[in-house]
Amino acid sequence: QVQLLESGGGSVQAGGSLRLSCVASEFVACLAWFRQVPGQEREGVATFRVGFESTLYSDSVKGRFTISRDNDKNTVYLEMNDLKPEDTAMYYCAAKERPVSDITCPTVLPGWYTYWGQGTQVTVSS
């Protein structure tokens, strides 16, 4: 059972930055960030394929968000810059255990991911 613990959410004005962190209790194949607004579907934001260091981003955050991972700490980060009010959501860390055959991890299909954190709220005011 992989446990994921997120941190780093908060409130910021538009144009500001935040960095989210997610510590995983075990090594996995894929780590990802999703976000969800009440009443809407969970949206994939960014993914990280462990071992290949490959990343994918949703079009809505490309160029503004960066996903990275510290192998020693088994922690994945989401650096969020130039935040916009539409980025306001609960952000969730997700993981998929090994083995995974693909060299990238999907930003869609939240049901593909096995483990989820509790979420951390990000609020961006205009």
Side-chain angles (χ1 to χ4, degrees):
Q1 186 81 4
V2 177
Q3 295 183 338
L4 303 171
L5 182 61
E6 304 110 328
S7 62
S11 297
V12 65
Q13 290 191 327
S17 299
L18 284 173
R19 189 177 79 156
L20 306 183
S21 301
C22 172
V23 181
S25 61
E26 298 179 24
F27 285 92
V28 295
C30 288
L31 288 161
W33 288 98
F34 284 76
R35 65 187 182 187
Q36 189 169 25
V37 175
Q40 297 184 17
E41 293 185 355
R42 195 162 289 191
E43 173 194 10
V45 174
T47 70
F48 190 99
R49 177 67 170 93
V50 179
F52 293 89
E53 316 304 276
S54 54
T55 59
L56 289 177
Y57 297 90
S58 66
D59 288 343
S60 60
V61 306
K62 201 172 293 182
R64 300 187 297 122
F65 291 11
T66 302
I67 189 170
S68 62
R69 180 177 172 270
D70 185 323
N71 188 65
D72 291 339
K73 298 179 180 179
N74 203 18
T75 299
V76 66
Y77 304 97
L78 185 68
E79 186 75 36
M80 305 185 293
N81 297 315
D82 190 24
L83 282 161
K84 304 176 180 181
E86 51 264 42
D87 293 319
T88 296
M90 184 72 77
Y91 283 71
Y92 295 92
C93 180
K96 177 73 171 179
E97 70 278 20
R98 295 175 288 186
V100 168
S101 58
D102 295 338
I103 62 172
T104 58
C105 306
T107 56
V108 296
L109 302 175
W112 185 79
Y113 290 85
T114 311
Y115 302 101
W116 292 85
Q118 293 300 307
T120 184
Q121 178 68 37
V122 171
T123 302
V124 184
S125 58
S126 57

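All residue numbers in this chain count up from 1 along the given sequence.
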*asked:* Strictly distance-based, threshold 3.5 Å: is any side-chain N or O of Thr114 a donor or acceptor partner for the main-chain N or O of Lys96?
replied: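 No, because the side chain of Thr114 does not come within donor-acceptor range (under 3.5 Å) of the backbone of Lys96.
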
*Can you check whether Ala24's main-chain N or O pairs, donor with acceptor, with Glu26's side chain at less than 3.5 Å?*
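No: the side chain of Glu26 does not pair with the backbone of Ala24.
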
Grouping I, L, V, M, F, W and Y whenever their side-chain heavy atoms are under 4.5 Å apart, do [X] and [Y] come out in a common cluster?
X	Y	result
Val37	Met90	no
Tyr57	Val50	yes
Ile103	Leu31	no

*State whether a side-chain donor-acceptor pair under 3.5 Å links Glu86 with Ser60.*
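No, no side-chain donor-acceptor contact under 3.5 Å.
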
*Heavy-atom distance under 4.5 Å between the side chains of Val76 and Ile67, does that happen here?*
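Touching, per the 4.5 Å side-chain cut-off.
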
*asked:* Counting C-beta onward and ignoring hydrogens, is there a side-chain heavy-atom pair between Val61 and Met80 closer than 4.5 Å?
replied: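 Not in contact.
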
*Pairs flagged by salt bridge (charged side-chain N to carboxylate O under 4.0 Å, His left out) wherever residues 70-84 is involved - sequence neighbours left out*: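 Every pair satisfying salt bridge (charged side-chain N to carboxylate O under 4.0 Å, His left out) with a residue in residues 70-84: there are none.
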
Looking only at heavy atoms, which two atoms of [X] and [Y] are closest? And how far apart?
X	Y	result
Gly44	Ser58	O-CB, 3.3 Å
Gln121	Thr88	NE2-CG2, 4.0 Å
Ser21	Trp33	O-CH2, 3.6 Å
Val45	Leu78	CG1-CD2, 4.2 Å
Arg35	Ala89	CB-CB, 3.8 Å

*asked:* Considering only residues two or more places apart or on different chains, which pairs with a residue in residues 64-111 satisfy ring-ring contact (aromatic ring centres under 6.0 Å, His included)?
replied: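 Residue pairs passing ring-ring contact (aromatic ring centres under 6.0 Å, His included), neighbours aside: none found.
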
_Contacts of type ring pair (Phe, Tyr, Trp, His ring centres under 6.0 Å), residue Phe34, not counting sequence neighbours_ =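 Partners of Phe34 under the ring pair (Phe, Tyr, Trp, His ring centres under 6.0 Å) test: Tyr113, Trp116.
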
Kindly list each side-chain donor-acceptor pair under 3.5 angstrom involving residues 1-17, sequence neighbours excluded, with atom names and distances?
from	atom 1	to	atom 2	distance (Å)
Glu6	OE1	Gln118	N	3.0
Glu6	OE1	Gly119	N	2.9
Glu6	OE2	Cys93	N	2.8
Glu6	OE2	Gly119	N	3.2
Ser17	OG	Asn81	OD1	2.8

*salt bridge (charged side-chain N to carboxylate O under 4.0 Å, His left out) partners for Arg64, two or more places apart*: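 Partners of Arg64 under the salt bridge (charged side-chain N to carboxylate O under 4.0 Å, His left out) test: Asp87.
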
*Once you round to the nearest 0.5 Å, how far does SG of Cys22 lie from CZ of Phe48?*
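Rounded to the nearest 0.5 Å, the SG-CZ separation comes to 13.0 Å.
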
*What residues form a side-chain hydrogen bond (donor to acceptor under 3.5 Å, both in side chains) with Arg69, not counting sequence neighbours?*
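side-chain hydrogen bond (donor to acceptor under 3.5 Å, both in side chains) list for Arg69, sorted by chain: Asn71, Asn74.
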
